[in-house]
Amino acid sequence: MRSIFHAAAAVFLLHFFLTVTFSVGIRTIGGGDGSGPGFGFSEAPDYRNGVECPVSVNKEVVSSCDPDLVHVAMTLDSEYLRGSIAAVHSVLRHASCPENVFFHFIAAEFDPASPRVLSKLVRSTFPSLNFKIYIFREDAVINLISSSIRQALENPLNYARNYLGDILDLCVDRVIYLDSDLVVVDDIHKLWNTALTNSRVIGAPEYCHANFTKYFTDGFWSDPVLSRVFHSRRPCYFNTGVMVMDLVRWREGNYRKRIENWMEIQRKRRIYELGSLPPFLLVFAGNVEAIDHKWNQHGLGGDNVRGSCRSLHTGPVSLLHWSGKGKPWVRLDARNPCPLDHLWKPYDLYKGSSIKDRSSFPSSIFLGFSSYLS
């Protein structure tokens, strides 16, 4: 009973801190009908560097090749846009040098909101943000995707993380990949400074007490040729929604192709039931730089079927991740939130209609966009 009381007290204190922090400094762009330039999102506060932050040589134009930048890659689409905006907001709010964070947004080629629309939206919500939007060609992966236990896991954009080494500029040699259903409540620079030792390609929080065998079918484990991939390593589960990635080693080792090879086997043999996670486990599990669990308090969205409420893991919190079916903005709008969904709400900048309603966009938003990869 005492542990339950302590957990409840911790959640209350964290909620109080976040709510007080965000009580001022936000103004709304456009009307609630989504007709304004912010499409119903509020403009975020203008987070600026302190005197201790590195200064770029060229203050006017920030290049993605600047060595002082922290690179963050995220997907950006109409379905999870509200979550993505909240995630960006949280990163900036807690970063010690927010102007030194560069966001690489990967947008789907055939999303209802075009990359031009998304670029305009991001710029109006975060006027001083350093970012670039890249088009993800869905045909690069569509023929490799197999059915999953939840249709959302079959979205081609879920696999964009496999192609970051190809999509991002070659000068970007390291990146933090973040899912769109999370908020960061600590300084992103701490995660950026994670050392990838022994030539490891990725770093992520590992969960070695999880039942690793459940992520693959009995047919996989009974096949001596397939299952021997783990014979020389001790595999542990890790969540691919938060990763530090060495893109130099990624490109040199052709890890995109290694993941694709397992996806091709999956199409023929059905060796797992989930979507984009198992191929990463097959390639990297047992050879991951272990990062503190506080950097991925995942599973807050419940399981992949029911999406029921869950509590925080034991220990400190630097990142809250609503992996699973339940998303905080959906549950909050339905007025049926889980207790921890209130920790996401202070970062939410959404005020108006859905990005999916293309008819509500003024024609001017298709002009004058910036940071878009043509």
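Everything numeric in this text was worked out from a predicted model, so none of it was measured. These numbers come from the heavy atoms of this one structure, side chains and all, not from hydrogens, waters or symmetry mates.
- Taking the six-membered ring for Trp and thresholds of 30 and 60 degrees, W221 and F216 have ring planes more than 60 degrees apart, a perpendicular arrangement.
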Check the pair Y350 / W329 against side chain to side chain contact (heavy atoms under 4.5 Å, CB included), numbers first and verdict last.
CA-CA 9 Å; Y350 185 64; W329 57 91; over 6 Å; no
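- Partner of F284 under the ring pair (Phe, Tyr, Trp, His ring centres under 6.0 Å) criterion, out of F230, Y237, Y255, W262: Y255 alone.
- Inter-residue side-chain proximity for C171 and S64 is flagged as met; some heavy-atom pair is nearer than 4.5 Å.
- For the pair I202 and F238, the minimum side-chain heavy-atom distance is below 4.5 Å.
- A side-chain donor from one of Y177 and D179 sits under 3.5 Å from a side-chain acceptor of the other.
- Within a 6.0 Å sphere centred on CG of N193, other residues, nucleotides and ligands contribute more than 12 heavy atoms.
- Looking at D333 and R82, a side-chain N of the basic residue comes within less than 4.0 Å of a carboxylate O on the acidic one, giving a salt bridge.
- Of the listed residues (R137, R256, E260), just one forms a side-chain hydrogen bond (donor to acceptor under 3.5 Å, both in side chains) with Y163, and that residue is E260.
- In the model, Y159 has no side-chain atom that pairs as donor or acceptor with a side-chain atom of E138 under 3.5 Å.
- Counting only N and O atoms by type, the side chains of D341 and W322 include a donor and acceptor under 3.5 Å apart.
- The closest donor-acceptor contact from the side chain of Q297 to the backbone of L312 lies at 3.5 Å or more, if one exists at all.
- In this structure, a donor-acceptor pair under 3.5 Å is absent between the side chains of E273 and T217.
- Other residues, nucleotides and ligands place more than 12 heavy atoms under 6.0 Å from the NZ atom of K294.
- In summary, the side chains of H89 and Y47 do present a donor paired with an acceptor at a separation below 3.5 Å, with no hydrogens or angles considered.
- The side-chain contact (heavy atoms from CB on, under 4.5 Å) test with V175 singles out one residue from R161, M245, M243, and that residue is M245.
- Judged by distance alone, the side chain of D111 and the main-chain N or O of A113 form a donor-acceptor pair under 3.5 Å.
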Walk me through whether S318 and H94 qualify under side chain to side chain contact (heavy atoms under 4.5 Å, CB included).
CA-CA 10 Å; S318 292; H94 295 282; over 6 Å; no
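- Ion pairing of K268 with E264 is absent here, as no side-chain N (NZ or NE/NH1/NH2) approaches a carboxylate O to less than 4.0 Å.
- A parallel orientation is assigned to the rings of F105 and F103, their planes being inclined by less than 30° (bins at 30° and 60°).
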Verify side chain to side chain contact (heavy atoms under 4.5 Å, CB included) between V101 and V88, making sure each step is shown before the conclusion.
CA-CA 10 Å; V101 182; V88 173; over 6 Å; no
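- Between L178 and V91 there is a side-chain heavy-atom pair separated by less than 4.5 Å.
- Inspection of the S276 and N158 side chains reveals no N or O donor paired with an N or O acceptor under 3.5 Å.
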